[in-house]
Number of protein chains: 2
Amino acid sequence: MTEATRRERLRAETEREIRQAARALLVESGRDAVTLRAIARKLGITAPALYRYYDSHDALLRQLCDDICADMAAALYADLAADTSGQVGCQVRAVCHAFRRWALAHPQEFALVFASPRDPLGADQFGSVFLQLAGRLIASNLVANHADDDVPEILHEDLVRFQQVLMDAVSVHGVVVEDSVLNLGKIYHVVQSWVRLYGHVALEVFGRFPFAVSNPEPMFDSMLDQMLTDIGFAEDA
Amino acid sequence: MTEATRRERLRAETEREIRQAARALLVESGRDAVTLRAIARKLGITAPALYRYYDSHDALLRQLCDDICADMAAALYADLAADTSGQVGCQVRAVCHAFRRWALAHPQEFALVFASPRDPLGADQFGSVFLQLAGRLIASNLVANHADDDVPEILHEDLVRFQQVLMDAVSVHGVVVEDSVLNLGKIYHVVQSWVRLYGHVALEVFGRFPFAVSNPEPMFDSMLDQMLTDIGFAEDA
DNA sequence: CGGTTTCAGTGAACGGTGTTTACAAGAGTT
DNA sequence: AACTCTTGTAAACACCGTTCACTGAAACCG
């Protein structure tokens with residue numbers, strides 16, 4: 001069964017503990033508390049030992065980001081699977097709600113992954129759930145028609161590239177899409193939806209709304225309604 | 001002329017240099033480089049001397065945030081003043097463009113001020129330019145009518161509070177507004193615009209668009225058009 | 001003017017950090 | 001049993017925030 005040697009198993013186990021400790025420190029005390037020595041202390045070893053597993057503190061933080069993305073993707077997929085309606089509109093709602101819920105429950109992780117002026121995001125882990133859903137959404141016939149000429153010509157080149165990314169993301173899951181369905185107008189609205197979703201969630205997590213919102217959830221729901229209408233869903237819920 | 005004593009002048013000058021050094025370090029090398037010892041080194045003094053000016057490293061960072069907000073507000077006001085059209089729609093455009101330009105030119109400052117899970121923002125300095133413009137925008141007759149019943153009832157309480165904040169912000173500048181003009185529908189759309197504006201700018205600064213956008217400016221312009229249309233401006237430009 | 005107070009700045013120290021280096025000791029291999 | 005590979009250690013370096021006792025000069029006051 002376990003083909004790994006004893007050494008490999010121990011090493012993997014230690015690495016798991018390192019990630020776990022780093023994550024706990026981030027959650028409990030913020031980014032600045034994720035310290036090599038603090039991690040080592042949690043494992044009962046010394047700091048230099050960590051260099052057998054990671055090249056530097058920075059590399060460890062990058063790994064932490066990837067872990068966070070993976071966990072978030074898992075949480076989003078779970079909430080997506082919990083929706084048994086089979087309607088794409090409901091699924092979009094479920095994932096958007098899941099994203100907000102996750103961000104509010106994990107503000108430190110959210111800040112680290114989504115609001116650091118870092119490299120352009122090793123999105124591999126994280127983006128897939130969004131991309132796949134966006135692809136399915138666009139492929140679905142429930143989506144109203146947005147003519148390509150709704151969007152400025154200057155954007156065409158970028159949107160075509162994104163179109164390709166989406167088609168790849170969908171085809172990985174075995175779904176075939178005629179590119180007539182995937183026109184640029186729809187893709188443009190998907191991007192705009194991401195802007196609004198991210199904007200609301202980030203503002204809420206960072207407390208940057210222009211006034212104190214007593215209960216932001218209805219505002220989020222309202223925005224979601226508008227978003228889905230813009231994308232082309234009838235109000236079915 | 002200068003009523004301040006010699007000591008007070010020197011102290012003020014040193015404090016100015018501290019802020020300036022801190023700002024330079026942030027811009028050049030990021031948040032983590034804003035170090036008491038690094039600042040002191042730039043001034044040719046020792047780190048403990050800084051405790052004569054700030055209670056802690058954290059207090060100094062907070063001051064830095066305030067400075068950044070003030071500078072940004074000044075930049076935004078400057079771009080606002082540069083617009084001589086007199087049309088509120090153009091002024092909104094000018095300020096939104098100024099905000100994006102500032103954020104892209106100052107990513108580290110943007111990240112520190114807008115994307116840290118901190119206290120709910122000493123918005124006093126920063127928010128004023130947005131609030132004032134939003135108030136004027138709403139007061140302007142160019143704004144289309146959004147009925148109050150467009151917005152869910154649950155939001156009314158919060159929006160009324162924001163309505164009061166806006167009216168205060170405007171009245172500070174001597175403008176009187178009849179509250180019939182400032183109805184909740186308009187206020188709601190202003191909040192939604194802030195969500196989209198912030199969302200786009202933050203995504204661009206942090207490189208979190210779902211695909212590589214070669215030139216995000218047209219996309220921003222496009223979003224701005226949509227925003228202004230939603231708020232109720234005819235396309236006049 | 002002389003004495004006193006105020007205060008910006010210093011140097012040393014404490015415990016914390018990332019990182020490098022030389023070294024020990026066990027696991028795996030031959 | 002001898003050898004290598006791997007995982008850990010301890011010591012050291014330079015840096016960090018912060019505290020404390022101190023100096024020296026400016027400001028104030030009788």
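Letters A, B, ... are given to chains in the order of the sequence lines, protein chains preceding strands, and every chain is numbered from 1. Atom set for the values below is all heavy atoms of this structure, side chains included, hydrogens, waters and symmetry mates excluded. Since the model is a prediction, treat every value here as computed from it, not as a measurement.
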Protein-nucleic acid N or O pairs under 3.5 Å, nucleotides 24-28 of chain D:
{"from": "dA27(D)", "atom 1": "OP1", "to": "R7(B)", "atom 2": "N", "distance (Å)": "3.3"}

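Counting to the nearest Å, the C1' atom of dC7(C) and the CD atom of E15(B) are 15 Å from each other. In this structure, R37(B) atom CZ and dT17(C) atom P are separated by 15 Å, rounded to whole Å. What separates CG of L36(B) from C1' of dG9(C) is a distance of 15 Å, to the nearest Å. Regarding L60(A), its CG atom lies at a distance of 10 Å from the P atom of dG18(C), rounded to whole Å. In this structure, D58(B) atom CG and dC16(D) atom P are separated by 17 Å, rounded to whole Å. For the pair R9(B) CZ and dA8(C) P, the computed distance is 15 Å after rounding to whole Å.
Take S56(B) and apply the side chain to side chain contact (heavy atoms under 4.5 Å, CB included) test, not counting sequence neighbours, and it matches D58(B), A59(B). Scanning for side chain to side chain contact (heavy atoms under 4.5 Å, CB included) contacts around R41(A) gives R37(A), A38(A), with sequence neighbours left out. In terms of the ring-ring contact (aromatic ring centres under 6.0 Å, His included) criterion, H57(B) has no residue partners (sequence neighbours excluded). Annotation: ring-ring contact (aromatic ring centres under 6.0 Å, His included) contacts of Y198(A) (sequence neighbours excluded): W194(A). With sequence neighbours left out, the side chain to side chain donor-acceptor pair (under 3.5 Å) criterion links E28(A) to no other residue. For F220(B), the ring-ring contact (aromatic ring centres under 6.0 Å, His included) criterion is met by H97(B), H200(B), not counting sequence neighbours. Scanning for salt bridge (charged side-chain N to carboxylate O under 4.0 Å, His left out) contacts around D67(B) gives R19(B), with sequence neighbours left out. For S222(A), the side chain to side chain donor-acceptor pair (under 3.5 Å) partners are Y188(B), not counting sequence neighbours. Under the salt bridge (charged side-chain N to carboxylate O under 4.0 Å, His left out) criterion, D79(B) pairs with R101(B), sequence neighbours left out.
Each of T35(A) and T14(B) lies near DNA chain C, and the nucleotide nearest T14(B) is the one positioned closer to the 5' end.
Listed in residue order, the members of residues 41-57 of chain A having a heavy atom less than 4.0 Å from DNA chain D are G44(A), I45(A), T46(A), P48(A), A49(A), R52(A), Y53(A). Within residues 17-28 of chain A, no residue is approached by DNA chain D to less than 4.0 Å at the level of any non-hydrogen atom.
Around atom CG of D32(B), more than 12 heavy atoms belonging to other residues, nucleotides or ligands sit under 6.0 Å away.
Here the closest heavy-atom approach between residue A75(B) and residue W102(B) is recorded as CB-CD1, 4.3 Å.
The phosphate of dT7(D) has OP1 or OP2 within less than 4.0 Å of a side-chain N or O from R11(A).
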